Amino acid sequence: MSADTFDLTARDETWVRRILPVLKLVAKTYFRSEVRGMEKVPDGGALLVSNHSGGLMAFDVPVISVAFAEEFGAGRPLYTLAHDLIFTGSGKDIFGKVGFIPAHPRNAVAALKAGAATIVFPGGEWEALRPTSQSATIDFHGRTGYVRTAMEAGVPIVPIVTIGGQETQLFLNRGETLAKILRLDKLLRTDSAPFAFGFPFGLTAHLPPNIPLPSKLVTQVLDPIDIAAEFGTNPGYDEVDKVVRKRMQHALDDLARERRFPVLG
């Protein structure tokens, strides 16, 4: 599977129904996940835009997926835009069955125009590998392509924020220098190789990944943003992005103020 070729019908509802109980067990028992406002996602095509946390083993994807299935049923597809590296080898069959598609604009637009809810994490690995000290910060690294995608598909943006993911281990820095030395930008298309402290490997540099601590994950779904209604028929991508990130940051700040203890929540 490449960025140019994908098949929405690869999603297998039977496979999704089989894996959901496992994801639910991990999300609700291990991470004690709490998702608020999922009912705000409108019918039809909608671009869910979320922050991303948790390093190489980010669990915000299954947490949101479980909540989406509980609210709308496993029969309503939720497609996840993902790094094309996960589609190498057998990954294209495994991840394709549960609704992952390569994060390419034409794939996203096609899914949205087909009437499917689709989730994107604009900050990608840049945000997921940020220092734990910045856990309550929205950082899309200047990426605004998601706005263009929503406008081209003619669908609303549904902002989503989650807190707790960056506490699954202690990320000490972003590791841009190490990433350049290791040429990870060429090998893995990532600009980050942070030093992190966790279990069982202690201090690591990107790899091997530690087992995530059972940090409580709290997610808030915000009100949908109708771009045309709010910004007019031809707004600038930066203008819309600024508003989206501002609302997400306010919501994430609220979740951070509610949080009493790291990991425990």
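In this text the structure is predicted, and so the values were computed from the model without any measurement.
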**Message:** Strictly distance-based, threshold 3.5 Å: is any side-chain N or O of K40 a donor or acceptor partner for the main-chain N or O of L222?
**Reply:** no
**Prompt:** Are Q169 and P209 side-chain neighbours, meaning at least one heavy-atom pair lies under 4.5 Å?
**Reply:** no
**Request:** State, to 0.1 Å, how close R32 and V263 come at their nearest heavy-atom pair, and which atoms those are.
**Result:** NH2-O, 2.9 Å
**Request:** Output, in order, the C-alpha distance, side-chain angles, deciding distance and verdict of side-chain contact (heavy atoms from CB on, under 4.5 Å) for R130 and S53.
**Result:** CA-CA 8 Å; R130 69 192 185 281; S53 302; 3.0 Å; yes
**Message:** Can you confirm whether S33 sits close enough to V66 that some side-chain heavy atom of one is under 4.5 Å from a side-chain heavy atom of the other?
**Reply:** no
**Asked** Given side chains that start at C-beta, do those of V61 and F100 come closer than 4.5 Å, heavy atoms only?
**Response** yes
**Asked** Is there a donor-acceptor contact under 3.5 Å from the side chain of R36 to the main chain of Q220?
**Response** no
**Message:** Within the structure provided, determine whether W126 and H52 are in side-chain contact (heavy-atom separation under 4.5 Å).
**Reply:** no
**Prompt:** Would a distance-only check, ignoring hydrogens and angles, find a side-chain to backbone donor-acceptor pair under 3.5 Å from R259 to L264?
**Reply:** no
**Message:** Using side-chain heavy atoms (C-beta onward) and a distance below 4.5 Å, is P224 in contact with I157?
**Reply:** no
**Request:** Check T14, V22, L20 against R18 for a side-chain contact (heavy atoms from CB on, under 4.5 Å) and give me the one that passes.
**Result:** T14
**Message:** Aromatic contact between F59 and Y30, with the criterion being ring centroids under 6.0 Å apart: yes or no?
**Reply:** no
